Structures are given as structure tokens and as C-alpha cells.
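What follows is a single structure, written as C-alpha cells, with notes after it.
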Amino acid sequence: MSRSPSLPDRPRLDLDPEMTPDERLEALREHFVKLSTVHRELESQLEAARGRQADLTDDVDQLERENEMLKTSSLYIATAEEVTEDGVIVKQHGNNQEVLTEVAPSIRENLDAGDRVAINDSFSVKQILEAETDARAQAMEVTGSPEVTYEDIGGLEEQIREVREAVEEPLINADQFREVGIEPPSGVLLHGPPGTGKTMLAKAVANETDATFIKMAGSELVRKFIGEGSRLVRDLFELASEREPAVIFIDEIDAIAAKRTESKTSGDAEVQRTMMQLLSEMDGFDERGEIRIIAATNRFDMLDRAILRPGRFDRLIEVPNPEFDGRQRILEIHTQEMNLADDVDLAPIAQQTDGLSGAEIASVATEAGMFAIRDERTEVRKVDFDDALEKIEDEAEDGSLPVAFA
Ligand SMILES: Nc1ncnc2c1ncn2[C@@H]1O[C@H](COP(=O)(O)OP(=O)(O)OP(=O)(O)O)[C@@H](O)[C@H]1O
């Protein structure tokens, strides 16, 4: 480090009492000249110091930015379950894998069981998450290979076939596409009402292809992370290429890809930037290898058509509320672990749930189980399903369920 130049000495004024007035005047004049010289010298040193300060401020800004970048390189989110003598037991979110891991003493000092932490690829704890960082991490959910299979999805046979063709085949049989000389669809867009199994479809395809499942919620992205949306989209694709084969799932894509509105608020500009980043990532997608991208929306009508162009989300799959057969299958799936009494027949329940989504039908089954528990029984009877349906009908009348069901 360069040393700062020493300051000039302060001039001294020596006035001899024997001096004549003229001599005193001359001495004062000389002193004034010396003072002026020192003053000028100090001014120029001050200016140099200011210049140096500005350089240092730039350096600090640069370091802060780099620090920020380092902090945002992909880490996984976990919860510290137990802080022990031998290390810390962390449970990774998404796949619930538990590991005993090391932690630097400086982090350990402040770490308590229950804290949410960021861990790297070798599971070592890099950071205790603040509420804000934590929120940012929530936008991305990474699962080694999700547990959902096609058998867990009721109905949707046609949708499963289409998703397999558009997502699974290109991942498993990339060579075949090359040999035939066609490009597989770039992105698949699942659209339909809430709770119809869109997320399940994306998870099942990741499971079937042993791909990492990376989910990002469009709404979280723009609501919570103003100013970071486009960077998160970049992070998302980067993470996918590190973890390929990977399935990227962007839920509620309408939040970042809604039709352009007339208003020019900063929020809109941010959403636009996020969407542009997404489009540019998708346009440069061919070289990315084994990554497939699936998006979902409940608001197809709101989407900006730019995202539906060839090479982007060019395969549209509608996922509607289930028909009778689908509803019956969903009931079977969600009651298969339940201890059902002989008087339970699922077909009439499937009739009565017309207009409900898969998620709502799943909650009818859970509610029925709750009624049995309230009645201190371990067996779930027809009457429990009747009560569950009635409860959900009442909720529908309150406006919390679709009118079709009310
Ligand atoms: N077709 C289905 N078969 C079996 N279960 C279903 C089906 N659809 C929904 N469910 C149940 O509802 C839950 C929510 O479904 P999912 O998250 O896949 O819906 P979604 O369409 O992605 O909803 P949203 O649009 O609200 O994100 C599932 O975890 C599952 O329990």
C-alpha cells in the first residue's frame, strides 16, 4: 500500500522585540508568503486524497458487487435439524435428504437447530439465511428426482402421452431426433384451471427421466424479488445446465409473460426485463443439451403471444378439470392408503364431485379421513365422505370453491 505524503511543516513567525516597524512588516510579509505556499500545497494534497478516495470507493463498490455475485451462485436450501458435537445434521428441502455435515466455527457460533441454511454441492453449510435471502431461495425449488409417477396422476392420459412425447422422448432418445433430423419441441406449456395436476405432470416426467426437477414460481419471482428477476432466470438456466438432465418448471408463467399493458410503471418494466431474459435463454436453448422446459398457467388468455412462437413454448397442452373417469381414478389414488369401510363406493362420489379439480377431490378424501378421526374411528365410512362433500359444498357457497360445485 502506498504511504500518504507527509504534511508540510507549519511556518513559524519569529518577531524580535528589537525589530523596527519596517523589519516587522517585512517579517510578516515573508510569513504570509510561506503560509500561502503551505496552504497551496495542502490544497493540492487534499485534491489528490479526494481522487484516491473516489478510486477506493469504486473498488469497494466493485468488491460489494463481486461479493453479491458469490453469494448468489447456486446453493441449496436446507434446514439445520440438529447441531451436534460431530457437526450439523441438515435436511435438504425438496428431496428431504438428511446429512451430517461440517460447518465453519464462525457460522456454527450463530447456528441454531431450525435455522434455514444454504449448503453447497458437498452439503457444507455456507450461510445462515436471513429472512430476505430465504425468500429469494423460495423462488427456486430443486429436487434430485421427484417421487411423483404417472400412476399417481388420475385421468390426463392424453396429456401424459403428449408430455412424454414432447419432454421425455427428447431427453431419452436425443439421438433419434438427431438422426431423423428434426428439432424436438423447445418448451411445453401446460394450461388449465388451478389444481388439475400440472405440477404433478412436470414432476412425473422428471422422475421418469431421472432428471433434476427445478421449479420456479413466476409470481414469487416478480413479487418478492424486484430487480432480481432477470438474474434469477439466468441462475435458473445455469443451475439446470450444471444439473442436466434437468426439467425446468416455471409455474404461473403468466406473472412474467402477461400481455404488455399500456402502463409504464417500474413494476411492469421489471416484469418485461424478466420475460426478455427468459426469451433470450430459450432462444439460445439448442446448445444446452439435456434440459427441457415446462411452464404452467391458469391464465392462458393473459399470455403474451411472443412466448408461444416456434422455438419457445411451441407445444400447448390443456389440462382441464377431470371428467367422471378421471375423478374416480383420482379418488382411488387418494384413498388407496386409507382404511375404507365396505360401504364406501367411489363411483357415486365421483358423480358428486363434478366441476371439482383434482386438488379439491384430493381434499374431499382427506376431509373424510378427518371426520373419521373426529369420531375416534380408524375406518373411514360413506358417512364421512357425505360429511366431507357437504363441508366442501358449504365452502363453495361461501365462494371459496368453483361455482360449478356450489
Ligand atoms: N390429476 C390428478 N391426479 C391425482 N391427484 C391430483 C390430480 N390433480 C391434482 N391432484 C392433487 O392436487 C395437488 C395439486 O396438484 P398440482 O400442484 O399438480 O396442480 P397444478 O395444476 O399444478 O395447480 P396450480 O395451477 O394451482 O399450481 C396434487 O399434489 C395432488 O394431490
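Keep in mind it's a predicted model, so treat the numbers as computed, not measured. All ligand and atom numbering here is 1-based and tracks the order in the structure.
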(request) Please state which part of I330 comes within less than 4.0 Å of ligand 1, counting heavy atoms only: side chain, backbone, both or neither. (result) side chain
(message) If you take the nearest heavy atom of each of L190, D152, N298, which one is closest to atom 4 (C) of ligand 1?
(response) D152
(message) What I want to check is whether the side chains of Y150 and E168 have a donor and an acceptor closer together than 3.5 Å.
(response) yes
(request) Please verify whether a non-hydrogen atom of A296 lies at under 4.0 Å from ligand 1. (result) no
(request) Look at atom 20 (P) of ligand 1 and say which protein heavy atom is nearest, naming residue and atom and giving the distance to 0.1 Å. (result) K198 N, 3.5 Å
(request) Would you mind checking if R12 and D14 are paired as a salt bridge, meaning a charged N to carboxylate O distance below 4.0 Å? (result) yes
(request) For atom CD of E323, decide whether the heavy atoms of other residues, nucleotides or ligands shown that lie under 6.0 angstrom number more than 12. (result) no
(request) Using distance alone, decide if ligand 1 has a nitrogen or oxygen within less than 3.5 Å of any nitrogen or oxygen in G197. (result) yes
(message) Checking a contact table here: which protein heavy atom is nearest atom 26 (O) of ligand 1, and how many Å away?
(response) G195 N, 3.4 Å
(request) For the pair D384 and R381, find out whether any cationic side-chain nitrogen is under 4.0 Å from an anionic carboxylate oxygen. (result) no
(request) Report the distance from atom OG1 of T101 to atom CZ of F123, rounding to the nearest 0.5 Å. (result) 8.0 Å
(message) Keeping D354 on the side-chain end and Q351 on the backbone end, is there a donor-acceptor pair under 3.5 Å?
(response) no
(message) Looking only at protein heavy atoms, which one is nearest to atom 31 (O) of ligand 1, and what is the separation?
(response) H334 CE1, 3.1 Å
(request) Keeping the roles fixed (side chain from N173, backbone from P170), state whether a donor-acceptor pair exists under 3.5 Å. (result) no
(message) Quick test: of every protein heavy atom, which one is nearest to atom 22 (O) of ligand 1, and how far off is it to 0.1 Å?
(response) T199 OG1, 2.5 Å
(message) Using heavy-atom distances only, which candidate in P322, G155, G154 approaches atom 3 (N) of ligand 1 most closely?
(response) G154
(request) For atom 29 (O) of ligand 1, state which one of E332, R327, Q159, M200 supplies the nearest heavy atom. (result) M200
(request) Pull out every atom of ligand 1 sitting under 4.0 Å from any heavy atom of I153, numbered as shown with elements. (result) 1 (N), 3 (N)
(request) Record the part of E252 in heavy-atom contact with ligand 1 below 4.0 Å; permitted values are side chain, backbone, both and neither. (result) neither
(message) Tell me the protein heavy atom at minimum distance from atom 12 (O) of ligand 1, and give that distance in Å.
(response) A359 CA, 3.1 Å
(message) Show the nearest heavy-atom pair for residues I317 and Q159, with the distance to one decimal.
(response) CG2-CG, 3.6 Å
(message) Check whether F371 forms a cation-pi arrangement with R374 (NZ or CZ under 6.0 Å from the six-membered ring centre, at most 45° off the ring normal).
(response) yes
(request) Note the single closest protein heavy atom to atom 27 (O) of ligand 1, along with its residue, its atom name and the distance in Å. (result) D251 OD2, 3.4 Å
